Amino acid sequence: MKDYCVETNQVTKAYRSLLALDGVSIRVPQGSIYGLVGDNGAGKSTLLKVLAGHSFVQSGELKLFGKFEEKDLMQARRNTGCMVERPGFFPNMTVEQNLKYYCIQRGVPDPKRVEELLLLAGIADKRKSKCRHLSLGQLQRLGLAIALIGEPRLLILDEPINGLDPSGIIEFRKLLHRLNEEKNITILMSSHILAELSQLATVYGFLSKGKLLEEINARALKEKCSDSIEIILSDVEAYAVYLEREFPEDTYQVLPNQTICIHRPRKQAEAYSRLAMEHQIYITGMRSIQTSLEEYYMELKKRRGAL
């Protein structure tokens with residue numbers, strides 16, 4: 001049985017006449033990087049604020065580390081680091097001074113922790129720089145360092161790479177991977193940059209107009225997004241005969257250069273390579289052509305009537 005850091009059950013949140021969350025139920029496995037996908041106004045930030053304790057729900061239940069009573073949630077949030085609303089940095093104070101301030105504010109006055117956080121977030125070389133001189137990427141790193149003060153088991157991040165340049169995005173991605181793999185920190189994050197999110201997330205939740213359209217792990221999503229498989233074979237004509245006999249529901253096209261293209265494959269790639277091996281047909285090349293995360297989200301909205 002899987003352990004979950006976060007569970008919501010039919011959570012609903014409204015702002016006057018606007019239903020921001022409409023019966024949302026998600027489960028975030030421990031050790032995962034959970035990517036929230038959705039348009040502006042889909043409910044991503046509202047959900048993250050609810051989980052962080054910055055907002056309250058009208059109905060439904062939420063659990064953090066298996067706890068759901070309000071007093072237990074308060075305790076559980078001490079194991080949670082958040083970067084949902086940008087921290088109020090003091091622009092004329094240095095990075096180190098800002099970090100010391102937040103450490104003292106959160107009851108962690110140990111100067112060794114400040115040094116650890118500077119190194120962990122990759123901003124040790126900026127310790128004496130005033131915050132007003134930092135780039136957006138460096139400010140994001142400082143915000144992440146502040147979120148990590150209490151050595152959290154869970155990080156909640158709202159659009160952490162928004163506004164970063166390509167180099168900043170790559171650096172931030174590597175940092176999140178390291179926190180997840182080396183520190184075993186579960187990460188729940190939203191992002192508008194879906195191509196980047198697809199390189200991070202191990203589980204996805206797709207939101208639209210306050211509703212959860214689908215929750216799916218990265219492996220299952222990859223299989224769903226596999227539009228076609230192209231295989232280069234030693235004997236494409238013979239392979240086509242065996243393909244029709246063994247997998248009659250598949251549609252295919254024979255291409256030049258001993259290549260066959262299987263459209264919307266109903267089996268995993270291993271099944272098609274095994275078919276060739278069983279009949280002594282050699283495969284010299286094989287690739288999956290996939291739908292992008294953006295295209296999948298748009299198609300999902302269309303299927304669920306959420307456009």
Side-chain angles (χ1 to χ4, degrees), residues 4-6 28 30-31 33-34 45-57 62-162 171-172 175-190:
Y4 297 98
C5 280
V6 176
V28 180
Q30 288 189 23
I33 299 179
Y34 189 109
S45 294
T46 300
L47 179 58
L48 297 182
K49 286 177 183 177
V50 163
L51 295 173
H54 299 171
S55 186
F56 298 95
V57 299
L62 68 91
K63 291 182 183 179
L64 294 176
F65 308 106
K67 309 295 184 182
F68 62 91
E69 296 287 350
E70 193 56 41
K71 61 178 182 179
D72 294 327
L73 285 175
M74 290 177 65
Q75 181 65 35
R77 286 192 176 105
R78 294 179 184 176
N79 290 316
T80 301
C82 301
M83 199 166 75
V84 175
E85 294 172 330
R86 198 183 298 269
F89 303 125
F90 298 97
N92 290 316
M93 287 170 54
T94 66
V95 167
E96 190 172 34
Q97 289 168 337
N98 269 273
L99 201 48
K100 282 181 180 178
Y101 168 82
Y102 279 104
C103 281
I104 292 168
Q105 185 193 58
R106 298 184 187 183
V108 187
D110 187 353
K112 289 182 180 178
R113 185 60 181 154
V114 173
E115 185 63 27
E116 289 171 359
L117 292 167
L118 287 168
L119 292 169
L120 186 61
I123 49 173
D125 61 329
K126 296 293 180 181
R127 69 174 72 236
K128 300 301 181 184
S129 299
K130 291 184 178 181
C131 280
R132 61 190 172 92
H133 295 142
L134 298 183
S135 67
L136 180 57
Q138 291 159 352
L139 288 172
Q140 291 289 75
R141 284 174 176 268
L142 178 55
L144 185 60
I146 292 168
L148 291 167
I149 285 173
E151 299 187 74
R153 294 162 55 196
L154 169 68
L155 269 178
I156 297 175
L157 309 175
D158 190 17
E159 301 287 350
I161 56 177
N162 194 27
E171 290 174 5
F172 208 83
L175 176 56
L176 293 182
H177 268 306
R178 196 168 78 247
L179 292 172
N180 177 249
E181 293 169 4
E182 296 179 10
K183 301 290 185 179
N184 197 32
I185 297 174
T186 304
I187 299 172
L188 169 56
M189 64 179 288
S190 67

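These numbers were taken from a predicted model, which means no experiment stands behind them.
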Original post:
Quick one: OG on S45 to CD on E159, what's the gap to the nearest 0.5 Å?
Top reply: 6.5 Å
Subject >> Pairs meeting criterion salt bridge (charged side-chain N to carboxylate O under 4.0 Å, His left out) with involvement of residues 62-72, two or more places apart >> reply: none
Subject >> Partner set under salt bridge (Lys or Arg N to Asp or Glu O under 4.0 Å) for K128, not counting sequence neighbours >> reply: E96
**OP:** Compare every heavy atom of A145 with every heavy atom of A121, then report the nearest pair and how far apart it is.
**Re:** CB-CB, 3.8 Å
**OP:** Locate the shortest heavy-atom distance separating L134 from S129; write the atom from each residue and the value.
**Re:** CD2-CB, 4.0 Å
**OP:** State the CG-CD distance between N184 and Q30, to the nearest 0.5 angstrom.
**Re:** 8.0 Å
**OP:** Could you walk me through whether L117 and I149 pass side chain to side chain contact (heavy atoms under 4.5 Å, CB included), step by step?
**Re:** CA-CA 7 Å; L117 292 167; I149 285 173; 3.7 Å; yes
Subject >> side-chain contact (heavy atoms from CB on, under 4.5 Å) partners of Q105, counting only residues at least two apart >> reply: Y101, Y102
Original post:
Quick one: does N180's side chain have a donor or acceptor within less than 3.5 Å of a partner on I185's backbone?
Top reply: yes
**OP:** Could you please spell out the steps behind the side chain to side chain contact (heavy atoms under 4.5 Å, CB included) verdict for L154 and I187?
**Re:** CA-CA 6 Å; L154 169 68; I187 299 172; over 6 Å; no
Subject >> Non-hydrogen atoms of N98 and F89 that approach each other most closely >> reply: OD1-CA, 3.5 Å
Subject >> Spacing of L157 atom CG and S190 atom OG [to the nearest 0.5 Å] >> reply: 8.5 Å
**OP:** For the pair V28 and Y4, evaluate side chain to side chain contact (heavy atoms under 4.5 Å, CB included) and give the outcome as yes or no after the intermediate values.
**Re:** CA-CA 5 Å; V28 180; Y4 297 98; 5.7 Å; no
Original post:
Heavy atoms, side chains only, cut-off 4.5 Å: are L155 and L188 in contact?
Top reply: no
Original post:
If you look at every heavy atom in C131 and L139, which pair is closest and at what distance?
Top reply: O-CD2, 3.9 Å
Original post:
Distance from H133 atom NE2 to T94 atom OG1, nearest 0.5 Å?
Top reply: 12.0 Å
**OP:** Could you go through the side chain to side chain contact (heavy atoms under 4.5 Å, CB included) check for L176 and M189 one step at a time?
**Re:** CA-CA 10 Å; L176 293 182; M189 64 179 288; 4.0 Å; yes
Subject >> P152 and N79, any side-chain heavy atoms less than 4.5 Å apart >> reply: no
Subject >> Student check: side-chain heavy atoms of Q140 and F172 closer than 4.5 Å >> reply: yes
**OP:** Using the salt bridge (charged side-chain N to carboxylate O under 4.0 Å, His left out) rule, collect all pairs that involve residues 110-124, keeping only residues at least two apart or in two chains.
**Re:** R113-E116, E115-R127
Original post:
Can you name the residues that form a salt bridge (Lys or Arg N to Asp or Glu O under 4.0 Å) with K49, not counting sequence neighbours?
Top reply: E85
Subject >> Residue pairs, two or more places apart or on separate chains, that pass salt bridge (charged side-chain N to carboxylate O under 4.0 Å, His left out) and touch residues 133-142 >> reply: R141-E171
Original post:
Shortest non-hydrogen contact from G143 to M83?
Top reply: C-SD, 3.4 Å
Original post:
Do L144 and L179 touch side chain to side chain, with heavy atoms closer than 4.5 Å?
Top reply: yes
Subject >> Minimal non-hydrogen separation, R77 against L51, with atom names >> reply: NE-O, 2.9 Å
Subject >> side chain to side chain contact (heavy atoms under 4.5 Å, CB included), paired with V6, selected from T186, I156, L64 >> reply: L64
Subject >> K183 and R178, any side-chain heavy atoms less than 4.5 Å apart >> reply: no
